[in-house]
Amino acid sequence: MFSYRHAFHAGNHADVLKHTALLAVLRHLTLKDTAIHFFDTHAGAGLYRLDGDYAQTSGEAAHGFLQLQAALTPDTVLAPALQDYMDMVASFNPGSSHAIYPGSPFIVQRCLRERDRLRLFELHPTDAKTLKANVAQLDAGRFITVMQEDGFEGLKKFLPPPSRRAFVLCDPSYEIKSDYGRVVDLLTDALKRFATGTYMVWYPIIPRPEAHELPRKLKTLANREGRPWLNATLTVKSSKLTTDDAGETVRPGLPASGVFVINPPHTLKATLHDALKQAAQLLAQGKNKAFEVETGG
Ligand code: SAM
């Protein structure tokens, strides 16, 4: 079984990017009354503790959500999408603590209406069990379904959805190299089944050929299918190896990541531009900070 557990990474800079973009898309899609089916092909555990062992061991949230939180002063005016994201996390933490961090299923659950549906795939037995327990507390009935299945395969049986409106988040751990190819296969198949759905893929920006090629392959796919796309990236530090006092090579950890959206809301480019410009400033670890929001199709 895989060793990846999102609890080590919850609230890091990649989650800030992904969950800010996720929320911005959801806000737009729920403006319309028609029911929407939301699919999370790699859902994780749903809720995380930032004061728990996993988060404390990795310290990743300290350079993500918690860094943003600490940078705020009474005079800070956040870009609306970033403010929305901060408010969403705060809504899980009554009072002044920041102990709970909501994963994508819980962010989505807060945005959807009774007529909408939320389908969650999580393959890891422990995280699937935790997710089921977390979701059970919501007493949401048929509104939310948790499936301990391979999300790459499982999605197929739900497309096209009865309401003809769908939003798919594909957020693999990329722990195995084949995940990169499977993301492209999933989108190729999904666009054939349901060309007008909104699809969001998160990907790491790391020095690995498969990672480098993924956004290029997704652009080629979207262009070939005649679908509009958006690619947004956030860089918070240098990708260079450094050396510590003992002469040991230190890897920088994840320096940057991106979200690729097919059929994005027309407002998303401007919304993310403002949010990521500010996020890059507030999350920078040194001089290597950057953001980009590119569209096409
Ligand atoms: N989407 C979550 C969020 O934003 O809160 C985080 C998901 S995490 C990056 C990826 C998750 O996918 C892990 O919990 C992992 O166990 C799970 N996973 C790995 N391979 C999978 C597969 N083929 N199908 C479904 N889940 C998978």
Side-chain angles (χ1 to χ4, degrees), residues 1-26 38-50 52 54-55 58 60-61 64-65 85 88-89 92 100-111 118-135 138 144-158 167-187 189-190 199-206 210-211 214 232 234 253-254 257-261:
M1 192 58 214
F2 310 130
S3 60
Y4 181 95
R5 309 295 301 281
H6 196 65
F8 286 107
H9 310 286
N12 68 2
H13 64 85
D15 267 6
V16 175
L17 165 67
K18 174 180 56 187
H19 294 154
T20 300
L22 176 68
L23 202 44
V25 174
L26 281 163
F38 181 89
F39 301 93
D40 198 341
T41 59
H42 297 71
L47 289 171
Y48 305 94
R49 288 209 70 95
L50 296 186
Y54 291 108
S58 72
E60 290 192 21
F65 168 73
Y85 162 75
M88 174 58 78
V89 182
F92 286 83
I100 306 289
Y101 188 83
S104 49
F106 276 70
I107 292 175
V108 176
Q109 184 271 333
R110 285 277 168 101
C111 297
L118 176 51
R119 312 260 184 237
L120 308 169
F121 299 94
E122 172 53 51
L123 200 51
H124 195 291
T126 312
D127 279 358
K129 196 171 160 204
T130 308
L131 179 63
K132 281 180 186 164
N134 284 331
V135 166
L138 294 169
I144 309 180
T145 318
V146 180
M147 291 159 279
Q148 192 191 334
E149 286 178 33
D150 177 356
F152 289 119
E153 280 301 314
L155 178 69
K156 293 179 182 171
K157 58 178 176 276
F158 292 106
F167 178 17
V168 177
L169 171 65
C170 181
D171 180 27
S173 51
Y174 299 97
E175 193 179 357
I176 38 176
K177 227 167 45 174
S178 56
D179 275 1
Y180 294 94
R182 295 192 79 194
V183 167
V184 180
D185 292 346
L186 174 134
L187 286 173
D189 178 80
Y199 299 92
M200 178 186 286
V201 172
W202 176 87
Y203 61 92
I205 300 179
I206 48 175
E210 297 83 5
L214 182 57
L234 177 65
L254 182 71
S257 71
V259 287
F260 192 91
V261 188

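For ligands, and for the atoms within them, numbers begin at 1 and follow the listed sequence. Only this structure's heavy atoms are used, side chains among them; waters, hydrogens and symmetry mates stay out. For clarity, every value in this text was computed on a predicted model and none was experimentally measured. Position 1 is the first residue of the sequence; numbering continues from there.
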Is it true that the NZ or CZ of Arg5 lies under 6.0 Å from the centre of Tyr48's six-membered ring and within 45 degrees of the ring axis? no

Under 4.5 Å between any side-chain heavy atoms of Leu214 and Tyr174, yes or no? yes

Determine whether the side chain, the backbone, both or neither of Arg5 has a heavy atom under 4.0 Å from any heavy atom of ligand 1. neither

Under a 4.5 Å cut-off applied to non-hydrogen side-chain atoms, are Lys132 and Val135 in contact? no

Do the ring planes of Tyr4 and His9 sit parallel (below 30°), tilted (30 to 60°) or perpendicular (above 60°)? parallel

Contact atoms of ligand 1, heavy-atom distance to Gly103 under 4.0 Å: 5 (O)

Under 3.5 Å between some N or O of ligand 1 and some N or O of Pro105? no

Counting each atom of ligand 1 from 1 as listed, which ones have a heavy atom of His124 under 4.0 Å away? 16 (O)

Does His6 reach ligand 1 with a nitrogen or oxygen that is under 3.5 Å from one of the ligand's nitrogen or oxygen atoms? no

Has the side chain of Ser104 got a donor or acceptor atom that lies under 3.5 Å from a matching backbone atom of Gly46? no

Tell me, do Val183 and Tyr203 make a side-chain contact under 4.5 Å, heavy atoms counted? no

For Thr41, is the nearest heavy atom under 4.0 Å from an atom of ligand 1? yes

Would you indicate which of Glu122, His42, Glu153, Glu149 comes nearest to atom 14 (O) of ligand 1 when only heavy atoms are counted? Glu122

With heavy atoms and a 4.0 Å threshold, my read on which part of Asp127 contacts ligand 1 is side chain

Of all the heavy-atom pairs spanning Leu118 and Pro105, show the shortest one and how long it is. CD2-O, 3.7 Å

Below 4.0 angstrom from a heavy atom of Asp171, which ligand 1 atoms are there? Numbered from 1 as shown, please. 1 (N), 2 (C), 3 (C), 4 (O), 6 (C), 7 (C), 8 (S), 9 (C), 10 (C)

Within the 4.5 Å heavy-atom criterion, are Leu22 and Tyr85 side-chain neighbours or not? no

Contact between His19 and ligand 1, counting heavy atoms under 4.0 Å? yes

Give yes if a backbone or side-chain nitrogen or oxygen of Gly151 is under 3.5 Å from a nitrogen or oxygen of ligand 1, and no if not. yes

Basic-acidic side-chain contact under 4.0 Å: Asp15, Lys18: yes

Considering only heavy atoms of Asp150, which atoms of ligand 1 have at least one such atom less than 4.0 Å away? 22 (C), 23 (N), 24 (N)

Is the contact between Ala43 and ligand 1 made by the side chain, the backbone, both, or neither, using heavy atoms and a 4.0 Å cut-off? backbone

